[in-house]
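One structure below.
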Amino acid sequence: MTHSDDFLAVHDPAATRPAHAPDVGSGRWWGFAVALAAGLLLLCALTWLVSVQRGLASLQQSTATRADRYAATLESTLDRYEFLPALVSLHPFVRGLLDSPDDPQRVAAANQYLAEVNRRAHASATYVIAANGIALAASNHGQPGSFVGTDYRFRPYFQTAAGGKMGRFYAIGITSDEPGYYLAQPVESGGKVIGVTVVKLNLEWFQRAGSGAEPLMVSDDHGVIFLSSVSAWQYRTLRPLPPPLQAEMEKTRQYHGRAVTPLPLEPLTSPVTRWLADTTLADGARLVRVRDESPASKTTSAPDGAERAVRYLELDRTVGAAGWTMQVMAPLEPVLANARNATVAAALAYACICLLLVNWRQRRQRARDMQYSRRLLEAAYDQLERRVEARTADLMAINEKLEDEVAERTRAESELRAAQDELVQASKLAALGQMAAGITHELNQPLAALRTFSDNTRVLLERGQLAAAEGNLTAIADLTERMGKITGQLKLFAGKARPVHRPVALRAAVDHVLALLAPRLGAVTVNVTGLDALPGLAVRADELKLEQVLLNLLGNALDAIAAAAPAQGQIDLEVQAEDHAVTIVVRDNGTGIAPQALPRLFEPFFTTKETGQGLGLGLAISSSIVREFGGQLSVANVPGGGAQFTLVLARAPAIDPAPSVSASQ
Ligand code: ADP
């Protein structure tokens, strides 16, 4: 692994993400949320059940207390009156009446007695019925609706008492239309029932002990409610009456024309309520509901069409000797409301705990993430530091190497420069060598002429021909001047390079070079163009070096022409001047340059000439000189044959043209 791979690997979150990172753990988060929701549901259900259970237990206790109190009250009332008919039957007035029912005195005495007893006992009515069922005397005699004379044969309590047993019966009075509890006692004489004494009690005060909200009712052995704190429930049945019973009730006129219809009371049967009843309620207690039948409830019934019903806890108590059942009911709504409140409170508490839990989890996760990020950063930082150290070491090594290389280069450069200087000098010497033959040839001729002139002058002086001698001496002077000029050229080459760039008159330089090469030109013609129009044209260069370059280019051209030996050797030297540059083209019709030699032409020691003929330094030195001038030297082949060198130099201000040295001199 490379450094960068290593570095990346540390920062690749996917590669090193911890197991708790959110994208990996989103499933776990969902699971957590579902578990929380399930916990909430469970808690709500448990809270509700426990609250309802407790509420029911407490409600049952309070209702049982109430029921026991009511039952005791009713029982004691009934007990108090239980013996009253028997007492009445023992009285001589009653006995006397039954013995002589037609005796007005006895009837009056009996009526008087019964009224007195009734008043003192706070009963509704007290009366005596003959064995034939006709009331003989009554506490309400002489009053409108008096019982006296009424036939009671159809009343069950009379029938029972006539049979020799105590009669107990709750019914609505047929004469008074008032409900009451009838206690009937047979009056016997000689083992035979001769009459019946009856005490009617008004028990309606009892139903007022209850209320509409906490109903209290008493039903008979057939389930008919005859006392109820809810008036609408009075004379309703807890269970449907079988038709024979209905017929019997019609006959006995027990409820005297009241339509006895079933009360819409039914036990709660859902599994939850059954479970609650089984676990919480004692015997005689049950959960019921009573549908609301009031017209208001029908108009304002629930929007889903369900009938409104009130739910109760119902407790039964058996009271009295007549097989009555007392029902005490307590509404369940407060218990359910409490349970609802407790459930809501528990749910809120649970939600708070959940929020705290989630918050705690998130904080823990954030802390882990931060720790993880910090670890990553630290790792990255360490990695970076190591890399920086490694890179710094590398850089220092490279730097040292570079410094070594720079030193090496500097050394090589100075060596090269020295070598170059040497080469320039060597090249000059080579050029000198090449020129030596030409110069020798050039000097030999005037030297021979000098000898001839001096010999002649000596002879002329001996003869006294002074005028002729003077002419010869003039010729000698001319010749020496010419020779001086030739040697002057050599002096120029002998000097060391002077790196001074100043305006150099191009015309003079070209003429000078042509003069030097004149001995080698032979049949080759040199055409110089472009200079005549600009006689003072100057370039920025060093005079000697420029001449050296031109000498080299023209010399090479002469060599190429000599090697090619064309019909007519020709060198064109074209000068073109622009504002800031001067271009000098040297073109020949010689051999031209082989394509493979072209790229190497300016390399030092590259030559195609035979050993001893060329050093391969001319062009290398020339191009170095031209670069030194800030100019360019390039080469190309001429399409018709031959080569063309192009020299571009910076133009310098014009110079006054000086008398030139002509090649013919
Ligand atoms: P030298 O003349 O000593 O060989 P130069 O550096 O002056 O060294 O020239 C290198 C080579 O370039 C020559 O050997 C020759 O082959 C080629 N050359 C130079 N000038 C010309 C030219 N005008 N025509 C053909 N070839 C040339």
Side-chain angles (χ1 to χ4, degrees), residues 416 419-438 493 497 509-510 513-514 516-529 541 544-575 583-629 631-649:
L416 190 69
Q420 208 174 6
D421 288 349
E422 290 303 316
L423 281 172
V424 170
Q425 199 60 23
S427 167
K428 279 183 188 169
L429 291 174
L432 270 179
Q434 281 184 340
M435 283 189 293
F493 270 95
V510 169
V513 170
L514 288 177
L516 283 174
L517 282 174
R520 287 187 58 199
L521 287 179
V524 178
T525 48
V526 179
N527 294 325
V528 179
T529 54
L544 275 178
K545 286 183 178 177
L546 178 62
E547 285 178 9
Q548 188 179 348
V549 171
L550 290 174
L551 194 63
N552 186 259
L553 294 179
L554 289 167
N556 279 344
L558 285 174
D559 288 346
I561 289 168
Q568 171 62 54
Q570 183 173 330
I571 298 173
D572 295 315
L573 199 152
E574 292 172 7
V575 177
T583 306
I584 304 158
V585 176
V586 179
R587 190 183 308 118
D588 63 63
N589 61 349
T591 54
I593 302 156
Q596 67 273 15
L598 266 177
R600 301 189 56 202
L601 222 55
F602 295 100
E603 283 179 14
F605 303 108
F606 176 79
T607 180
T608 58
K609 293 171 189 166
E610 287 172 16
T611 318
Q613 298 239 326
L615 282 172
L617 288 172
L619 285 179
I621 291 169
S622 297
S623 70
S624 137
I625 290 171
V626 171
R627 269 202 307 279
E628 195 182 300
F629 292 165
Q632 287 169 3
L633 179 60
S634 57
V635 64
N637 275 319
V638 179
Q644 167 179 310
F645 285 83
T646 306
L647 175 60
V648 181
L649 293 170

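We count ligands from 1, going down the list as the structure has it; atoms in each ligand are counted the same way. The basis for the numbers below is simple: all heavy atoms, side chains too, and nothing from hydrogens, waters or symmetry mates.
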Could you list the atoms of ligand 1 found under 4.0 angstrom from a heavy atom of [X]?
X      : result
Phe606 : 10 (C), 11 (C)
Ala557 : 23 (N)
Gly592 : 25 (C), 26 (N)
Asn552 : 7 (O)
Thr607 : 1 (P), 4 (O), 14 (O)
Thr608 : 13 (C), 14 (O), 15 (C), 16 (O)

List the closest protein heavy-atom neighbour of [atom]: residue, atom name, distance to the nearest 0.1 Å.
atom                    : answer
atom 26 (N) of ligand 1 : Ile593 CG1, 3.7 Å
atom 24 (N) of ligand 1 : Ala560 CB, 3.2 Å
atom 19 (C) of ligand 1 : Asn556 ND2, 3.4 Å
atom 17 (C) of ligand 1 : Leu601 CD1, 4.0 Å
atom 2 (O) of ligand 1  : Lys609 NZ, 2.5 Å
atom 23 (N) of ligand 1 : Asp588 OD2, 2.8 Å
atom 8 (O) of ligand 1  : Gly616 CA, 3.3 Å

* Please walk me through it: do Val638 and Asn589 pass side-chain contact (heavy atoms from CB on, under 4.5 Å)? -> CA-CA 8 Å; Val638 179; Asn589 61 349; over 6 Å; no

Under 3.5 Å: N/O of [X] near N/O of ligand 1:
X      : result
Asp559 : no
Gly618 : yes
Thr591 : no

Minimum heavy-atom distance between [X] and [Y], given as atom pair plus value:
X      : Y      : value
Asn527 : Gln570 : ND2-NE2, 3.0 Å
Ala643 : Ile593 : CB-CD1, 3.7 Å
Glu547 : Val513 : O-CG2, 3.5 Å
Pro566 : Ile561 : CD-O, 3.3 Å

Under a 4.5 Å cut-off applied to non-hydrogen side-chain atoms, are [X] and [Y] in contact?
X      : Y      : result
Val585 : Asp572 : no
Arg520 : Asp559 : yes
Leu573 : Leu514 : no

* Asked: Do the side chain of Gln568 and the main chain of Ala523 share a donor and acceptor less than 3.5 angstrom apart?
  -> yes

* To do: Go through the steps to decide whether Val549 and Asn552 satisfy the test side-chain contact (heavy atoms from CB on, under 4.5 Å), and finish with yes or no.
  => CA-CA 5 Å; Val549 171; Asn552 186 259; 5.7 Å; no

* **Heavy atom of Phe602, distance to ligand 1 below 4.0 Å** => no

* Option among Leu598, Leu553, Thr646, Val586 that satisfies the side-chain contact (heavy atoms from CB on, under 4.5 Å) test with Val635 -> Leu598

* Hey, is atom 6 (O) of ligand 1 under 4.0 Å from any protein heavy atom? -> yes

